[in-house]
Amino acid sequence: MDGTASPGSNDQRRLLEALYADMRPHSLYPLWEVMAALVTPVPRSAAQPHRWHYGPARDYLLRAGDLISAEQAERRVLILENPGLLGSSAVVPSLYAGLQLILPGEIAPCHRHTQSALRFVLEGDGAYTAIDGERAVMRPFDLILTPNWQWHDHGNETGQPMIWLDGLDIPTVRFYEASFAERLDHPAQAEAIPADDSLRRYGRNLRPFRGSAADRRPAGQPMFHYPYAEWRESLLGLAAAEAPDPHLGHALEFVNPADGGSVMPTIAAQVRHLPAGFETAPRRATDGAVFVVVEGRGTALVDGQEFSLSERDLVVVPSWSELRLSATAPLTLFGFSDKAAQEKLGLWREARLPA
Ligand code: 1HN
């Protein structure tokens with residue numbers, strides 16, 4: 001036991017143990033025996049740093065594609081389960097990550113749930129996610145959101161497999177015991193709104209004139225598609241114009257234009273760019289994060305464990321682990337984390353350490 005109380009005599013110990021044994025059937029437990037483990041001076045994550053190479057994960061996913069349809073599976077996904085959190089379907093204690101495959105002609109049937117999701121496209125071009133009646137056409141490295149309780153289905157009318165990274169707040173919703181879900185009685189929802197309508201309406205810092213009855217998305221969450229073509233231009237433009245932050249490299253956060261905050265209440269998303277030869281100074285932060293390589297090569301040093309990274313490899317960086325990133329070729333990363341929820345709860349912190 002990870003005790004807090006200072007040791008006493010053998011006699012005291014014996015009497016205490018007898019007390020504990022008597023109390024146990026009454027659901028009572030002494031705080032002083034566990035307090036140090038509950039209130040740690042710094043975070044101690046149960047999650048482990050881990051890297052998944054894309055190639056082997058993709059092979060297993062395609063093998064699953066031969067064995068079960070998207071419709072039969074409802075979602076054909078390989079969970080990126082943290083080796084420190086086995087059995088929990090979690091990549092960090094608050095978040096879930098997975099790799100999803102949709103083959104040509106398939107539909108992942110329409111449903112909605114209180115879990116919020118993001119998709120980050122890794123392979124294929126031109127499949128769609130439909131969200132509350134509107135399709136977003138998925139192109140490589142686009143970010144697409146499925147906010148809490150919005151109807152969504154995915155379909156692939158192209159000739160190629162589509163693979164993307166799913167990030168959901170499943171463990172957070174489980175923690176609060178607030179899961180609700182429904183299925184639509186049709187596999188695909190009706191296309192009520194033209195494809196990419198929300199990008200035209202909200203994607204360039206504009207919104208429908210108030211009172212014009214043209215608002216088609218929820219006022220607090222108007223955007224659900226952040227195309228690669230746009231975020232790449234912003235990130236690489238920044239990289240061309242200024243020196244990288246020593247601890248982050250060039251870094252941009254995706255925002256919800258309605259309030260300037262994170263893309264969803266529980267999940268924050270970011271992109272980073274490191275010029276070739278650049279190495280970040282070490283940094284810790286309380287958010288548990290998942291990164292995927294968009295382009296380039298490098299390494300992630302996470303609490304002293306070194307992971308080589310190449311295109312589409314994934315790495316999980318648990319809370320308060322010390323991260324150093326380095327680029328052997330210009331390195332672009334996408335990441336998502338629970339920073340959004342932690343900031344709302346007043347918990348998020350970082351420590352920028354000397355190089
Ligand atoms: C879900 O709805 C999707 O819509 C993916 O693509 C993964 C994992 C658990 C629960 C719901 C999707 C999911 C999921």
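Values reported hereafter were calculated over all heavy atoms of this structure, with side chains retained and with hydrogens, waters and symmetry mates removed.
- A side-chain N or O of Arg272 and one of Gln270 form a donor-acceptor pair less than 3.5 Å apart.
- A side-chain N or O of His111 and one of Glu74 form a donor-acceptor pair less than 3.5 Å apart.
- In this structure, His113 NE2 and Phe180 CZ are separated by 14.5 Å, a value rounded to the nearest 0.5 Å.
- Put simply, the side chain of Asn256 never gets that close to the backbone of Met264: no donor and acceptor are under 3.5 Å apart.
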Next item on the list: Any chance you could lay out the side-chain contact (heavy atoms from CB on, under 4.5 Å) test for Leu333 and Val271, step after step, and finish with the verdict?
Entry: CA-CA 6 Å; Leu333 302 171; Val271 281; over 6 Å; no
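- The side-chain heavy atoms of Pro171 and Ser88, taken from C-beta on, include no pair separated by under 4.5 Å.
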Next item on the list: Could you go through the side-chain contact (heavy atoms from CB on, under 4.5 Å) check for Gln115 and Asn148 one step at a time?
Entry: CA-CA 5 Å; Gln115 291 81 0; Asn148 166 350; over 6 Å; no
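- No donor-acceptor pair under 3.5 Å is formed between the side chain of Glu71 and the backbone N or O of Glu106.
- A salt bridge links Arg352 with Asp245: the closest approach of a Lys/Arg side-chain nitrogen to an acidic carboxylate oxygen falls below 4.0 angstrom.
- For the residue pair Thr266 / Asp169, a side-chain donor-acceptor distance below 3.5 Å is found, with atom types taken as modelled.
- Looking at Val316 and Phe291, their side chains never come closer than 4.5 Å, going by heavy atoms from C-beta outward.
- At distances below 3.5 Å, not a single donor-acceptor pair connects side-chain atoms of Asp125 with backbone N or O atoms of Arg139.
- With rounding to the nearest 0.5 Å, the separation of CG in Leu325 from CG in Leu301 is 9.5 Å.
- A salt bridge is defined here as a Lys NZ or Arg NE, NH1 or NH2 lying under 4.0 Å from an Asp or Glu carboxylate O, and Asp66 with Arg63 fails to meet this definition.
- The one candidate from Arg217, Arg112, His152 that meets the side chain to side chain contact (heavy atoms under 4.5 Å, CB included) condition with Asp132 is Arg217.
- Val121 places none of its side-chain heavy atoms less than 4.5 Å from the side chain of Phe334.
- Using a distance-only test at 3.5 Å, with no hydrogens or angles considered, no donor-acceptor pair links the side chain of Arg284 to the main chain of Glu350.
- Side chain of Glu253 to backbone of Gly261: no donor-acceptor contact under 3.5 angstrom is found.
- Rounding to the nearest 0.5 Å places OG of Ser262 at 8.5 Å from NZ of Lys339.
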Next item on the list: Decide side-chain contact (heavy atoms from CB on, under 4.5 Å) for Gln342 and Ser337; before the verdict, give the C-alpha distance in whole Å, the side-chain angles of both, and the deciding distance to 0.1 Å.
Entry: CA-CA 10 Å; Gln342 288 199 26; Ser337 83; over 6 Å; no
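- Rounding to the nearest 0.5 Å places CG of Leu122 at 6.5 Å from CG of Leu314.
- Side-chain contact of Trp348 with Asp287: a donor-acceptor pair under 3.5 Å is present, judged by distance alone.
- For Glu306 and Thr299, the side-chain atoms include no donor-acceptor pair closer than 3.5 Å.
- Donor-acceptor pairing under 3.5 Å is lacking for the side chains of Asp11 and Ser9.
- With respect to Glu230 and Arg204, a salt bridge is recorded, a charged nitrogen being found less than 4.0 Å from a carboxylate O.
- For Glu191, the CD atom counts as densely surrounded, since its 6.0 Å shell holds more than 12 non-hydrogen atoms of other residues, nucleotides or ligands.
- Using modelled atom types, one side-chain atom of His247 and one backbone atom of Leu353 make a donor-acceptor pair closer than 3.5 Å.
- Side-chain N or O atoms of Tyr228 include none that pairs as donor or acceptor with a backbone N or O of Leu143 at under 3.5 Å.
- Across all non-hydrogen atoms, the minimal contact from Leu238 to Ala251 is CD2-O, 4.5 Å.
- Side-chain contact check for Glu17 versus Tyr20: some heavy-atom pair is nearer than 4.5 Å.
- Atom CZ of Arg207 has 12 or fewer heavy atoms from other residues, nucleotides or ligands within 6.0 Å.
- Under a 4.0 Å N-O distance rule, the pair Glu33/Arg13 qualifies as a salt bridge.
- Comment: Glu311 does not engage Arg297 in a salt bridge, judged by the lack of any side-chain N to carboxylate O separation of less than 4.0 angstrom.
- When atom types are taken as modelled, the side chain of Asn82 and the backbone of Val91 share a donor-acceptor pair closer than 3.5 angstrom.
- Using modelled atom types, one side-chain atom of Thr172 and one backbone atom of Ser94 make a donor-acceptor pair closer than 3.5 Å.
- Within the cation-pi definition used here (under 6.0 Å to the ring centroid, within 45° of the axis), Arg135 qualifies as a partner of Tyr128.
- The shortest distance between side-chain heavy atoms of Arg75 and His154 falls below 4.5 Å.
- Sparse packing is recorded around CG of Asn10, with 12 or fewer heavy atoms of other residues, nucleotides or ligands lying under 6.0 Å away.
- Remark: Asp197 engages Arg201 in a salt bridge, criterion side-chain N to carboxylate O under 4.0 Å.
- Summarising the geometry of Leu168 relative to Ala117, their closest heavy-atom pair is CG-CB, 3.5 Å, with the distance given to 0.1 Å.
- Summarising the geometry of Pro257 relative to Tyr226, their closest heavy-atom pair is CD-OH, 4.0 Å, with the distance given to 0.1 Å.
- Checked for salt-bridge contact, Glu322 and Arg283 miss the test: no charged N lies under 4.0 Å from a carboxylate O.
- Nearest heavy-atom pair, Ile107 versus Ala70, reported as atom, atom and distance to 0.1 Å: O-CB, 3.9 Å.
- Between Ile102 and Asn156, the closest heavy-atom pair is O-ND2, 2.9 Å.
- Arg119 pairs in a side-chain hydrogen bond (donor to acceptor under 3.5 Å, both in side chains) with only one of the listed residues (Asp142, Asp166, Thr129), which is Asp166.
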Next item on the list: Tell me, with the steps shown, if Gln48 and Gln305 meet side-chain contact (heavy atoms from CB on, under 4.5 Å).
Entry: CA-CA 10 Å; Gln48 290 172 18; Gln305 261 182 276; 5.8 Å; no
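- We find the CD-NE2 distance between Glu134 and His225 to be 10.0 Å, quoted to the nearest 0.5 Å.
- The aromatic rings of Trp231 and Phe120 are tilted relative to each other, their planes meeting at an angle between 30° and 60°.
- Looking at Tyr54 and Glu123, their side chains do bring a donor and an acceptor atom within 3.5 Å of each other.
- Counting heavy atoms from C-beta outward, Tyr96 and Glu81 have side chains that stay 4.5 Å or more apart.
- For the pair Thr286 (side chain) and Arg349 (backbone), a donor-acceptor distance under 3.5 Å is present.
- Contact record, Arg24 with Tyr29: NH1-CD1, 3.0 Å, taken as the closest heavy-atom pair.
- Atom NE2 of His273 and atom OG of Ser234 lie 13.5 Å apart (nearest 0.5 Å).
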